[in-house]
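The structure presented is a predicted model; accordingly, all values stated were derived computationally and were not measured. Below, chains carry the letters A, B, ... as their sequence lines are ordered, and counting in each starts from 1.
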There are 2 protein chains.
Amino acid sequence: MEKTPENCQVEDALGILVGKWKPVILLYLLQEGTKRFSELKRKMPGITQKMLTKQLRELEDEDIIQRVVYAQVPPKVEYSMTDYGRSLEPVLDAMHDWGAKHTVRKVLKADQVKSS
Amino acid sequence: MEKTPENCQVEDALGILVGKWKPVILLYLLQEGTKRFSELKRKMPGITQKMLTKQLRELEDEDIIQRVVYAQVPPKVEYSMTDYGRSLEPVLDAMHDWGAKHTVRKVLKADQVKSS
DNA sequence: CAGCATCCTGGTAGATACTG
DNA sequence: CAGTATCTACCAGGATGCTG
């Protein structure tokens, strides 16, 4: 597929990644494997149950993550990356690498302002 | 910089890329070089002047693109990528590649539903 | 030509409370 | 434990009109 602006496929990846907590959720699942709902919640202080549920549902709808419910009491639900979801890893890597450089740059710039 | 979720640098790249028209604008400037305001506007039927201005300003504030104003009548303003902005290209590439695969996958999935 | 000022709207995010 | 159900706040995005 050509990389012309008229034929922009960037939006798809963007659409899946946008959401205040999605990148973090994906990084957890990619690096630490399967996680329970409560584990994810604990890892992300500040997120509400509603938001976590919503973001997970959206990722599930896109087949990026998998949701497994255990029929037991108390309930147990586990989330993990799908093989397909793992294909997003290079994208996240590229973004992370760029973000790291960008952060460094912002710090340098702030220094310049200070010393001027 | 480590790629731990606690230290997520993905958001930075995401923050710069989100905006309904930013990826397209960047692809135009990356692939076709310097462009005037009106040229960009013509390329993107549907965008309003206000939105184009806004998106361009935001990209400029992040030093991704450069804005050059020619003191003449009628006014002429040209936009181009900065060297720094060009460093985003691998990110856009990664996202485009993924998006292209994703599109194919969605088509296949739709077919499965139809033939079932 | 390029852009600002104003007003409007829908959806994302969040706070809070309740349930199988 | 892992969710729904409401309600509220905010802002990106958009329509329209004016200007150096």
Inset, instruction - Report the residues that fulfil side-chain contact (heavy atoms from CB on, under 4.5 Å) with B/Val104, sequence neighbours left out, ordered by chain and then residue number. - result: B/Leu108

Just the rounded figure in Å: distance from [atom2] of [N] to [atom1] of [X].
X: A/Leu52; N: D/dT4; atom1: CG; atom2: C1'; answer: 14 Å
X: A/Gln55; N: D/dG3; atom1: CD; atom2: P; answer: 14 Å
X: B/Lys54; N: D/dT16; atom1: NZ; atom2: C1'; answer: 16 Å
X: B/Leu56; N: D/dG13; atom1: CG; atom2: C1'; answer: 15 Å
X: B/Gln72; N: D/dG20; atom1: CD; atom2: P; answer: 19 Å

Under 4.5 Å between any side-chain heavy atoms of [X] and [Y], yes or no?
X: A/Thr34; Y: A/Gln66; answer: no
X: A/Val77; Y: A/Arg36; answer: no
X: A/Leu88; Y: A/Leu30; answer: no
X: A/Arg57; Y: A/Lys54; answer: no

Legend entry - Atom pair CD1/SG of A/Ile25 and B/Cys8 - distance to nearest 0.5 Å: 11.0 Å

Heavy-atom closest pair, residues [X] and [Y]:
X: B/Pro45; Y: B/Trp21; answer: O-CH2, 4.4 Å
X: A/Gln55; Y: A/Lys20; answer: OE1-N, 3.8 Å
X: B/Lys35; Y: B/Leu29; answer: CB-CD2, 3.8 Å

Legend entry - Bounds of contact between DNA chain C and chain B, in 5' to 3' order, using a heavy-atom cut-off under 4.0 Å: C/dC1 to C/dT6

Inset, instruction - Using a cut-off of strictly less than 4.0 Å, decide whether A/Gln49 has a side-chain nitrogen or oxygen near OP1 or OP2 of D/dA5. - result: no

Inset, instruction - Would you jot down, in residue-number order, the residues of residues 57-71 of chain A having a non-hydrogen atom under 4.0 Å from DNA chain C? - result: none

Inset, instruction - Check each residue of residues 12-42 of chain B for a non-hydrogen atom within less than 4.0 Å of any atom in DNA chain C, then write out the ones that pass by number, or none. - result: B/Arg36, B/Phe37, B/Ser38

Inset, instruction - Mark yes when over 12 heavy atoms from residues, nucleotides or ligands other than A/Gln72 sit less than 6.0 Å from its CD; otherwise mark no. - result: yes

Legend entry - Contacting residues from residues 73-82 of chain B, given that a heavy atom lies under 4.0 angstrom of DNA chain D: B/Pro75

Inset, instruction - Report the residues that fulfil side chain to side chain donor-acceptor pair (under 3.5 Å) with A/Glu78, sequence neighbours left out, ordered by chain and then residue number. - result: A/Tyr70

Legend entry - Donor-acceptor contact present, side-chain B/Lys22 to main-chain B/Val18, <3.5 Å: yes

Inset, instruction - Please work out which of the three classes, parallel, tilted or perpendicular, describes the rings of B/Tyr79 and B/Phe37, given edges at 30° and 60°. - result: tilted

